Amino acid sequence: MSENDSHSPTNFVEEIIEEHNASGRFDGQVLTRFPPEPNGYLHIGHAKSIYLNFSTAQKYGGTTNLRFDDTNPLKEDIEYINSIKEDVHWLGFEWNGEPLFASDYFDQLYEYAIELIRIGKAYVDDSSAEEIRELRGSLTEPGKNSPYRDRSIEENLDLFERMRAGEFEEGSKVLRAKVDMSSPNLNMRDPIMYRILFATHHRTGDKWCIYPTYDWAHGQSDSIEGITHSICTLEFEDHRPLYDWYLDNLEIHHPQQIEFARLNLSYTMMSKRKLNKLVSDKVVDGWDDPRLPTLAGIRRRGVRPEAVIDFCERIGVAKANSVIDIALWEHTIRQDLDPICKRVMGVLNPLKLVIDNFPEDEVIEFDVDYFRHDAESHETRKVPLTKEVYIEQEDFMEDPPKKYFRLSPGREVRLMSACLVTCTDVVKDADGNVVEVHCTYDPESIGGQAPDGRRVKGTLHWVSAKYAYDAEVRLYDNLFTVENPSVGELEDIVNTDSKQVIDAKLEPAMAQAKPGERFQFMRKGYFFVDPIDSTEGDDLYFNQIISLRDSWAKIKKQ
RNA sequence: UGGGGCGUGGUGCAACGGCAGCACACCGGACUUUGAAUUCGUUGAUCCUGGUUCGAAUCCAGGCGCCCCGGCCA
C-alpha cells in the first residue's frame, strides 16, 4: 500500500491507471478481467488481450478474473470453457480464484433491472424487432419513442416479472433502458436489456427464459466483481457511454472501461466465424490443427508459450488500427527456439549420393555436438557415415546459377561434420531427372577439414542411407497465405497448399526423440515431435514449427 | 454540420514543448563446419495548411484520409 513510486508507464493503459492511482480513484487497486464468450477457441488475437489484462494487473500488484461472458445460450457451449481455461493456463497465467460466469449474476442482474424500472429508467416494449429497428432511426436521423415507452412503473414491473415467468413468446417483448431516442450514439437509443429466449443455458439450464444482453450484463458484472479497469477492444468505445449510464443510474461500483486496438496479423485469418466454419466443415483437423492461429493450433504446432508472450510484448498496445507483419511473429518464434533446440540433420526430399571411393561396408561414426560450439551444453550423439547417403534434392544442381554454393558437377562441398566430397557424375532417369549423384571423398578430410586448409563454400546436411530413421514430417504453410480470404478461398488454400506430409530421412539418433521435444533440422527449420500422434520409441511425427529463413530467397531475387 | 476513434520510415511501437528512438523487414560488410544464428553498418518517417512559441510529432484552428456504430450477437 505504501510504494507508489512511479513505475513509468509503458503504454496508454498504464498511463490511465497511474492517473487513477494519483487521484486515488480506486485506492491504488488494479483488478482486471478477461471476459471471453465461450463460443469458440481462443486465438492469437486473444493472447494479446490476455497478456494485456494479466500483465497490467500484475505490474500494479493486482489480479485478473477469468469471466465467461455467457449471456447468449444459443451460441455457447461447455466444450469451449475447458479449452479457454487450458489456453490461459498454457500462456502461464493464473486467474484470481475460480473462473467466474456472467450467468452467476443473472439473479443480481434481474434485481438491478427491477431497480431501473422502479426509478423509471427501464420499460417493457411490446414492439417487434422490425418495429424497434425502424423507430431507432438511422446514423443521421434521430429515433422515435416507442409507443410503450411511457408505461407506468407498476405495469412495467408486472410485465417484466411475467416475462421472466415465461408468459410471453420469444420476440414478443423486451426490456429496454429508457435513455434517449434522439442520441447521436445509437447505443443510447433505448438499448435492449433483456430478450425472451426459451433456450437451455449450459449452466443455468431452464431456470431462465429471459437473458441479458452484453451491454446490460457486462458493466454490471464488472461492478459486482469489483473490477477497476475493464479493458476491451476499440469497437466498444461507442458503448462506454452506456456502460457508464447503467452504473451511474444504479449508483454502484463504477469501473473504468479502456479500449485498445485488437491484433491483426498479416496473412492470418482471425475471424471466429470463419475459423468455426473451417472446423465444423472439417476442412481442417479440428481446433488444434497446426495451420490455425488458435492457441490450441499454435501449441500443437510446437510454438512455446514463451514465444507468444514475447510476441505480445513486442507488438505493444495502442489505439491505432494496425496490422502486425507476420515476419515479427516468425522471428519471435525462432528467437525463442534457437537457444534451446538440439540441432540435428534431417533430409526432407532425399537424393541419393554415392561416395565411390568409400569402402562398401565401412561405417565411420562421428560424435557430433547437439548444440553450437559456443553453447553451454556439449551433449553429443553418434552420426554414422556410410558409402551411400541422402542429401537434399535442392542441394544439388546440374547447372547452378551464380551464387549457388552447394553441390554441382565437379564442385567440392562439405558433408556437415563428416568430410569433403567432390561431385564426379550423375545418374538420370528416362526423363532426364537426376536420381543419383556420385562423388569421391577426401579421406584426409574426415572430421570436415582438409589438412591443406582449402575452404569449401557449401556445407550440406546428410543422412546415412543404411541407417536413416524414417519419420513422417508435416510441413505447414505459414498460417494463411492470402490477405482477408473468403471462406471459399480459405478452403482451397487449406486443401491444396497448406500441408505437406513427407517421408523424411532423419539421422538415426532421432529414433530416440521423445514426443513433445523440439529440434532444429539444420538448414531446414524447427520441428516439434507431435505429442498426440507420436508414440515413444515407435512412430514419430514431426510438425514443422517454423522454417529457417528460406535459403533460396536471395537467389530468387537475382 | 450524425456520433465515436485514429493518423510518426515498408510494418508495429516510443518520444507528452527541447537533437525523432527501438524492434521487425530491407540492403551492405564481417564471421561461420547451418546461405541459419551472431555481429557491424546503410537507407528510410511526424497526413496537409495555417497559427502560438526562442523552439511543435507534441498546443490551437481549419482541412484531408482511414476505422467503428443503425443485432432481441459479443
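Residue numbers start from 1 in every chain, and the chains themselves are labelled A, B, ... in the order their sequence lines are given, proteins ahead of strands. Keep in mind that what you see is a predicted model, and the values were worked out from it rather than measured.
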Rounding to an integer number of angstrom, what distance separates B/G3 and B/U42 when you compare their C1' atoms? 47 Å

When all nucleic acid strands are considered with a 4.0 Å heavy-atom cut-off, which category describes A/S182: base, sugar-phosphate, or nothing? nothing

Between B/A36, B/A74, B/A14, spot the one nearest the side chain of A/N11, thanks. B/A14

Name the orientation of the base relative to the sugar in B/G71: syn if the glycosidic angle is within 90° of 0, else anti. syn

Electrostatic pair A/R240:A/E259 at N-O distance under 4.0 angstrom: yes

Separation between CG (A/D190) and CG (A/D125), nearest 0.5 Å, reads 8.0 Å

Among A/N187, A/D244, A/N185, the one residue meeting side-chain contact (heavy atoms from CB on, under 4.5 Å) with A/H239: A/N187

B/C60 and B/U52: how far apart are their C1' atoms, nearest whole angstrom? 7 Å

Out of B/C67, B/C72, B/C69, which nucleotide sits closest to the side chain of A/N321? B/C67

Can a donor-acceptor pair be found, under 3.5 Å and without considering hydrogens, that links the side chain of A/Y211 to the backbone of A/A199? yes

Is a donor on one side and an acceptor on the other found under 3.5 Å between the side chain of A/E141 and the backbone of A/G137? no

Between B/U8 and B/G4 - C1' atom distance, rounded Å: 23 Å

Quick one: which of B/G70, B/U38, B/G5 gets closest to the side chain of A/L139? B/G70

Have a look at A/E259 and say if it touches a base, only the backbone sugar-phosphate, or nothing, with a 4.0 Å heavy-atom cut-off. nothing

Below 4.0 angstrom, N of the basic side chain to O of the carboxylate: do A/E235 and A/R262 qualify? yes

Between B/C16, B/A74, B/U11, which one does the side chain of A/D69 approach most closely? B/A74

Positions of residues 183-191 of chain A (non-hydrogen atom under 4.0 Å from RNA chain B), listed by number: A/P184, A/L186

Given B/C72, B/C24, B/G35, which nucleotide is nearest the side-chain atoms of A/R314? B/C24

Touch check for A/S445, heavy atoms < 4.0 angstrom, all strands: base, sugar-phosphate only, or nothing? nothing

Determine whether A/F236 and A/Y214 satisfy the following criterion, ring pair (Phe, Tyr, Trp, His ring centres under 6.0 Å), listing intermediate values before the conclusion. CA-CA 11 Å; A/F236 292 106; A/Y214 164 86; 4.9 Å; yes

Considering every strand and a 4.0 Å limit on heavy-atom distances, what is the contact class for A/A129: base, sugar-phosphate, or nothing? base

For the residue pair A/Y41 and A/W287, categorise the inter-ring angle as parallel (less than 30°), tilted (30 to 60°) or perpendicular (more than 60°). parallel

Take atom OH of A/Y194 and atom P of B/C72, then tell me their distance rounded to the nearest Å. 16 Å

For the pair made of CG in A/N264 and C1' in B/C68, what is the distance, rounded to whole Å? 13 Å

Checking all strands, does A/Q335 fall into the base, sugar-phosphate, or nothing category for heavy-atom contacts under 4.0 angstrom? sugar-phosphate

Identify which nucleotide among B/C72, B/C24, B/G35 has an atom closest to any side-chain atom of A/I192, counting heavy atoms from C-beta outward. B/C72

Under 4.0 Å, counting only non-hydrogen atoms across every strand here, what does A/E170 touch: a base, just sugar-phosphate, or nothing? nothing

Categorize A/S138 for me: base, sugar-phosphate, or nothing, with a 4.0 angstrom heavy-atom threshold over every strand shown. base

Without decimals, in angstroms, what is the distance between A/F236 CZ and B/C73 C1'? 9 Å

Base B/A25 paired with A/R549 side chain (donor-acceptor, <3.5 Å): no

Sub-3.5 Å donor-acceptor pair from the side chain of A/R411 to the main-chain atoms of A/R406, do we have one? yes

Separation of A/I546 atom CD1 from B/A37 atom P, in whole Å? 13 Å

Select one nucleotide: of B/A25, B/G12, B/G35, the one nearest the side-chain heavy atoms of A/H331. B/A25

Does OP1 or OP2 of B/C73 have a side-chain N or O of A/T213 closer than 4.0 Å? no

In whole Å, what separates the C1' atom of B/C13 from that of B/A57? 14 Å

Quick one: which of B/G71, B/A15, B/A74 gets closest to the side chain of A/R136? B/G71

Would you classify A/E15 as touching base, sugar-phosphate or nothing, given that sugar-phosphate means primed atoms plus P, OP1 and OP2, and contacts are heavy atoms under 4.0 Å? base

Output the rounded distance in Å from CZ (A/F198) to P (B/C72). 19 Å

Regarding A/D238, tell me which of base, sugar-phosphate or nothing describes its non-hydrogen contacts under 4.0 Å with the strands shown. base

Please confirm whether the shortest side-chain N or O distance from A/R176 to OP1 or OP2 of B/C72 is below 4.0 Å. no

Within the distance-only criterion (no hydrogens, no angle test), does the side chain of A/Y246 pair as donor or acceptor with the backbone N or O of A/D215 below 3.5 angstrom? no

Distance between the P atoms of B/G7 and B/A25, in whole angstroms? 25 Å

Is it the case that A/Y370 and A/E379 place a side-chain donor and acceptor less than 3.5 Å from each other? no

Could you check which of B/C72, B/A36, B/A25 has an atom nearest any side-chain atom of A/A327? B/A25

Should A/E412 and A/R454 count as an ion pair when the cut-off is N to O under 4.0 Å? yes

A/Y370 OH - B/A37 P separation (whole Å): 23 Å

Rounding to the closest angstrom, what is the interatomic distance between B/U32 and B/A15 at atom C1'? 38 Å

For the residue pair A/K342 and A/Q520, establish whether any side-chain heavy-atom pair is separated by less than 4.5 Å. no

Specify the residue among A/R372 and A/R133 whose closest nucleotide of RNA chain B lies further upstream toward the 5′ end. A/R372

note: A/L197, atom CG; B/C73, atom C1'; distance rounded to Å ~ 11 Å

Heavy atoms only, 4.0 Å cut-off, all strands: where does A/I132 land among base, sugar-phosphate and nothing? base

Roughly how far apart, to the nearest Å, are B/U11 and B/A74 at atom C1'? 30 Å

In whole Å, what separates the P atom of B/A37 from that of B/G28? 15 Å

Using Watson-Crick and G-U wobble pairs whose two distances are both under 3.5 Å, how do you write the pairing of RNA chain B as dot-bracket, with | for links to another strand? .((((((..((((....[..))))..((((.......)))).....(((((..]....))))))))))).....

Any salt bridge linking A/D367 with A/R381? Criterion: basic side-chain nitrogen under 4.0 Å from a carboxylate oxygen. no

I need the CG-P distance between A/L337 and B/A36, as an integer number of Å. 18 Å

Please work out if A/S417 contacts a base, only the sugar-phosphate, or nothing of the nucleic acid, heavy-atom cut-off 4.0 Å. base

Quick one: on RNA chain B, does A/H239 or A/I446 contact a more 5' nucleotide (nearest heavy atom)? A/I446

Determine the contact category for A/V456: base if any of its heavy atoms lies under 4.0 Å from a base atom, sugar-phosphate if only primed atoms, P, OP1 or OP2 are that close, otherwise nothing. nothing

Out of B/A14, B/G35, B/A74, which has the shortest distance to the side chain of A/R195? B/A74

